[in-house]
Visitor: 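Dumping the structure here so I can ask a few things about it.
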Amino acid sequence: MCDSPNARLAVLARQLCAGGPGGSTWEHVQQAPPDPIIGVNDSYRADTDPRKLNLGVGAYRTEEGKPYVLRAVREAEAALAADPAANKEYLPIAGLPEFNRLSRELALGPSHPAIRDGRVATVQALSGTGALRVGAEFLAQHLPPGQPRVVYLPNPTWGNHKTIFGRAGMQVREYRYFDAKTRGLDFAGMCADLSAAPPGAVLLLHACAHNPTGVDPSPEQWRQLLALTQERKLLPFFDSAYQGFASGDLDADAASVRLFASAPGPQEMVLAQSFAKNMGLYGERAGALSVVCKSKEVAGRVESQLKLVIRPMYSNPPMHGAAIAARVMADPRLNALWKEELAGMAHRIKAMRQALYGQLVARQLPGDWSFVLKQIGMFSYTGLSKAQCEVLTRKWHIHLTMDGRISMAGLSAASCPYLAEAIADVVTNGGSA
Ligand code: PLA
């Protein structure tokens, strides 16, 4: 009975829907490659060698190699936990208003005319990545009609930038940035590429501590870039993921952003901020997106559209990280403690540059390694080839991204000699066993 043609057909149809006999609906789905940065954590975890070292993802570690929760953050958390008025209601779509206000003030300076005039639309975001993504979606939808949806990214840049803007519907182009020969900025190449960009193109700039190169424009070069931006009518989009982490000083690291925001016109621009590194709030996903507009009236409409991007994506942002960050920024005592701890982290990273440089020089390696001292921020861009990086991981159990970037924040005085020995090995004899 069950074997009637109709029953057999029904079984076949079920099998087809399920992707073939015994198969899955997702039988055709291909294995995706591991993320080039976050995937390094997995290879590190899987490594059982006691000498293993994680210099992949940019996450600050103490001298003892441990993750660091800032004291200012711990204290803010304790105060929040003890607050009887605190609750777990939804935040507004745009996030915690106090956090948004303090975030833009942190970037632009509290008395900035754009803030005073109410010309800055700010929404809370899922850390820097979320701010970039919401910003990119907004631009893809709301750049003026007929204008190209093009974003110019530095070459190289943080790997996720391309995907974020591409997925949001922006056409991605590159501008020259790093000169491998001088290990410095290819400023002439950068200016030439930007001069050829169509008017209205979006220009992504790393506010400070360029990732992965550690090479930033000089103050004079920033001024020239602003002039070029205005002349070519480009729209600057600052990615500020390391404010305070480069120099140890929050104001000094905001210089590029403030220069552009203060330009006459007034200059309109977009700004993505992350509190992952400078407040150590990595997993709390605390960030903000600001759009600096010509007028308060435009800013109001822009904010209403940013909310329309957010609502169908994740409705409203998480509360905890933003509440911590707002408290740390608002409370004068916690704010002072934060600045002290931030300076301490930046200082330790700089000390690691000195230590690594000393170790490399002591081994009399060929070439000039002074770039280790000169590069700014969390990373050193070593120029090591993919093959050399692979040997570092396979033979020396040093886990890093395959573009030769190492997270200086993952080093300690104890691990510096080991890293230098490994680099010497791959540089002088190719790492042969
Ligand atoms: N922008 C830049 C330039 C970054 O380097 C990073 C993080 C982000 C934005 C996003 O950070 P957030 O979303 O956590 O706030 N880059 C890290 C981590 C530190 C990563 O790849 O996600 C890196 O190792 O490059």
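What you are looking at is a predicted structure, and each value in this text was computed from that prediction instead of being measured.
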Visitor: Please list, chain by chain and in numerical order, all residues satisfying side chain to side chain donor-acceptor pair (under 3.5 Å) with Glu390, sequence neighbours excluded.
Guide: Lys386
Visitor: Looking at Asp239, Val134, Asn160, which hits side-chain contact (heavy atoms from CB on, under 4.5 Å) with Thr129?
Guide: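 It is Asn160; the other options fail the test.
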Visitor: If you round to the nearest 0.5 Å, how far is CG of Asn278 from NZ of Lys339?
Guide: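 Those atoms lie 11.5 Å apart.
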Visitor: Tell me the closest heavy-atom pair linking Leu91 and Pro318, and the distance in Å.
Guide: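 Distance-wise, the nearest heavy atoms are CD1-O, 3.8 Å.
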Visitor: Quick one about Gln267 and Gln230 (side-chain donor to acceptor, distance below 3.5 Å, no hydrogens or angles considered), yes or no?
Guide: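 There is such a pair (donor and acceptor under 3.5 Å, judged by atom type) between the side chains of Gln230 and Gln267.
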Visitor: Give a yes or no answer on whether the side chain of Arg232 reaches the backbone of Ser195 with a donor-acceptor pair at less than 3.5 Å.
Guide: yes
Visitor: By the ring pair (Phe, Tyr, Trp, His ring centres under 6.0 Å) test, which pairs, at least two apart or in different chains, include something from residues 86-129?
Guide: Phe99-Phe275
Visitor: Report yes or no: does Arg353 contribute a side-chain atom to a donor-acceptor pair with the main-chain N or O of Lys374 at less than 3.5 Å?
Guide: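 No; zero donor-acceptor contacts below 3.5 Å.
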Visitor: Please state whether the rings of Phe138 and His142 are parallel, tilted or perpendicular, taking 30° and 60° as the class boundaries.
Guide: tilted
Visitor: Side chains of Asn54 and His399: do they bring a donor and an acceptor to under 3.5 Å?
Guide: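 Judged by distance alone, the side chains do not pair up.
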Visitor: So Leu400 and Val40, do their side chains get closer than 4.5 Å, heavy atoms only?
Guide: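 Answer no - side chains too far apart.
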Visitor: With no hydrogens and no angle check, is any side-chain donor or acceptor of Asp186 less than 3.5 Å from a backbone partner on Arg176?
Guide: no
Visitor: Partners of Tyr357 by ring-ring contact (aromatic ring centres under 6.0 Å, His included), sequence neighbours excluded?
Guide: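 Partners of Tyr357 under the ring-ring contact (aromatic ring centres under 6.0 Å, His included) test: none.
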Visitor: Considering only residues two or more places apart or on different chains, which pairs with a residue in residues 121-143 satisfy salt bridge (Lys or Arg N to Asp or Glu O under 4.0 Å)?
Guide: Arg133-Glu137
Visitor: Between side-chain atoms of residues 73-81 and protein atoms elsewhere (two or more places apart, or another chain), which donor-acceptor pairs fall under 3.5 Å?
Guide:
from, atom 1, to, atom 2, distance (Å)
Glu75, OE1, Arg333, NH1, 3.1
Glu75, OE1, Arg333, NH2, 2.5
Glu77, OE2, His320, NE2, 3.0

Visitor: Testing the basics here: between Leu342 and Gly244, what is the closest heavy-atom pair and its distance to 0.1 Å?
Guide: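 Heavy atoms of Leu342 and Gly244 come nearest at CG-O, 3.6 Å.
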Visitor: Indicate yes or no for a side-chain donor-acceptor contact from Asp117 to the backbone of Arg119 under 3.5 Å, with no hydrogens or angles considered.
Guide: no
Visitor: Can any side-chain N or O of Ser262 pair as donor or acceptor with the backbone N or O of Leu259 at less than 3.5 Å?
Guide: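 No, Ser262 side chain to Leu259 backbone: no donor-acceptor pair under 3.5 Å.
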Visitor: Looking only at the side chains, is there a donor atom on one of His206 and Asn211 sitting less than 3.5 Å from an acceptor on the other?
Guide: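 Absent: no donor and acceptor within the cut-off.
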Visitor: Given 3.5 Å as the limit, does a donor-acceptor pair link the side chain of Gln124 with the main chain of Leu96, or not?
Guide: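 Checked: pair present.
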Visitor: Does Lys52 count as lying over the ring of Tyr44, i.e. NZ or CZ under 6.0 Å from the six-ring centre, within 45 degrees of the axis?
Guide: yes
Visitor: For Tyr381, give me all partners under ring-ring contact (aromatic ring centres under 6.0 Å, His included), at least two apart in sequence or on another chain.
Guide: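 With sequence neighbours excluded, Tyr381 shows a ring-ring contact (aromatic ring centres under 6.0 Å, His included) to Phe178, given in chain and number order.
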Visitor: Nearest 0.5 angstrom please: Tyr60 OH to Ser407 OG, how far?
Guide: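 Between Tyr60 OH and Ser407 OG, I get 10.5 Å after rounding to 0.5 Å.
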Visitor: Under 3.5 Å, is there a donor-acceptor pair linking the side chains of Arg363 and Gln359?
Guide: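 Result is yes, a qualifying pair exists.
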Visitor: Who are the side chain to side chain donor-acceptor pair (under 3.5 Å) partners of Trp396, not counting sequence neighbours?
Guide: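 Only Asp425 meet the side chain to side chain donor-acceptor pair (under 3.5 Å) criterion with Trp396.
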Visitor: Could you tell me the separation between the CG atom of Leu225 and the SG atom of Cys191, rounded to the nearest 0.5 Å?
Guide: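 Spacing of CG (Leu225) from SG (Cys191) equals 5.5 Å.
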Visitor: Looking at Asp403 and Arg405, is there a salt bridge between them, counting it only when a charged N and a carboxylate O are closer than 4.0 Å?
Guide: no
Visitor: Whether the Gln375 and Ser380 side chains hold a donor-acceptor pair (N or O, under 3.5 Å, no angle test) is what I'd like checked.
Guide: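 Their side chains do contain a donor-acceptor pair, which is all the 3.5 Å distance test asks for.
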Visitor: Residues two or more places apart in sequence or in another chain: which of them pass side chain to side chain donor-acceptor pair (under 3.5 Å) with Glu63?
Guide: Arg348
Visitor: Closest heavy-atom contact between Met352 and Cys416?
Guide: O-SG, 4.1 Å
Visitor: What closest approach, in Å, do Gly184 and Val215 show between heavy atoms, and which atom pair accounts for it?
Guide: C-CG1, 3.8 Å
Visitor: Verify, without hydrogens or angle tests, whether Thr393 (side chain) and His397 (backbone) share a donor-acceptor contact under 3.5 angstrom.
Guide: no
Visitor: With distance as the sole test, does Gln388 use its side chain to make a donor-acceptor pair with the main-chain N or O of Ser385 at under 3.5 Å?
Guide: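 Such a contact is found between Gln388 side chain and Ser385 backbone.
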Visitor: Ignoring hydrogens and geometry beyond distance, is a side-chain donor-acceptor pair present between Ser247 and Asp249 at under 3.5 Å?
Guide: no
Visitor: Under the rule for side-chain contact (heavy atoms from CB on, under 4.5 Å), what residues qualify as partners of Ala330, not counting sequence neighbours?
Guide: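 Result, side-chain contact (heavy atoms from CB on, under 4.5 Å) vs Ala330: Glu98, Leu102.
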Visitor: Is Leu356 close to Trp369 at the side-chain level, that is, under 4.5 Å between some pair of heavy atoms?
Guide: no
Visitor: With His347, which residues qualify under ring-ring contact (aromatic ring centres under 6.0 Å, His included), at least two apart?
Guide: none
Visitor: Can any side-chain N or O of Arg61 pair as donor or acceptor with the backbone N or O of Ala409 at less than 3.5 Å?
Guide: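 Between the backbone of Ala409 and the side chain of Arg61 there is no qualifying donor-acceptor contact (under 3.5 Å).
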Visitor: For Glu220, I'd like to know if atom CD has over 12 heavy atoms of other residues, nucleotides or ligands within 6.0 Å.
Guide: yes
Visitor: Quick one: closest heavy-atom pair of Pro217 and Tyr177, and the distance?
Guide: CD-OH, 3.5 Å
Visitor: Taking the side chain as every heavy atom from C-beta outward, state whether Val427 and Leu384 have any atom pair closer than 4.5 Å.
Guide: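 Sidechains of Leu384 and Val427: in contact.
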Visitor: Quick one: are Leu411 and Met408 in side-chain contact, heavy atoms under 4.5 Å?
Guide: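 They are in contact (side-chain heavy atoms under 4.5 Å apart), so the answer is yes.
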Visitor: May I ask you to decide if Ala94's main-chain N or O and Asn100's side chain share a donor-acceptor pair within less than 3.5 Å?
Guide: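 Judged by distance alone, yes, a pair lies under 3.5 Å.
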Visitor: Could you state the interatomic distance from OG1 (Thr428) to CD1 (Ile423), rounded to the nearest 0.5 Å?
Guide: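 One gets 11.0 Å once the value is rounded to the nearest 0.5 Å.
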Visitor: Drop me the distance from Lys233's NZ to Gln147's CD, to the nearest 0.5 angstrom.
Guide: 11.0 Å
Visitor: Taking the six-membered ring of Phe245 as reference, does the NZ or CZ atom of Lys277 fall below 6.0 Å from its centre and within a 45° cone about the axis?
Guide: no
Visitor: Would you kindly say whether Ser290 and Arg104 are connected by a side-chain donor-acceptor distance under 3.5 Å?
Guide: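 There is no such pair between these side chains.
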Visitor: State, with a plain yes or no, whether a side-chain heavy atom of Pro212 is found less than 4.5 Å away from one of Trp158.
Guide: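 Answer no - side chains too far apart.
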Visitor: Could you list the donor-acceptor pairs under 3.5 angstrom formed by side chains in residues 165-175, with sequence neighbours left out?
Guide:
from, atom 1, to, atom 2, distance (Å)
Arg173, NH1, Tyr152, OH, 2.9
Glu174, OE2, Lys162, NZ, 3.3
Tyr175, OH, Leu204, O, 2.7

Visitor: Under 4.5 Å between any side-chain heavy atoms of Leu271 and Ser240, yes or no?
Guide: yes
Visitor: Supply the atom-to-atom distance Arg394 CZ to Asp47 CG, rounded to the nearest 0.5 angstrom.
Guide: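 Going from the CZ atom of Arg394 to the CG atom of Asp47 covers 12.5 Å.
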Visitor: Answer yes or no: is there an ion pair linking Asp251 with Arg258, defined by an N-O contact shorter than 4.0 Å?
Guide: yes
Visitor: Return the minimal non-hydrogen interatomic distance between Met279 and Leu70, and the atom names on each side.
Guide: O-CD1, 3.8 Å
Visitor: Phe379: what forms a ring-ring contact (aromatic ring centres under 6.0 Å, His included) with it, not counting sequence neighbours?
Guide: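 None.
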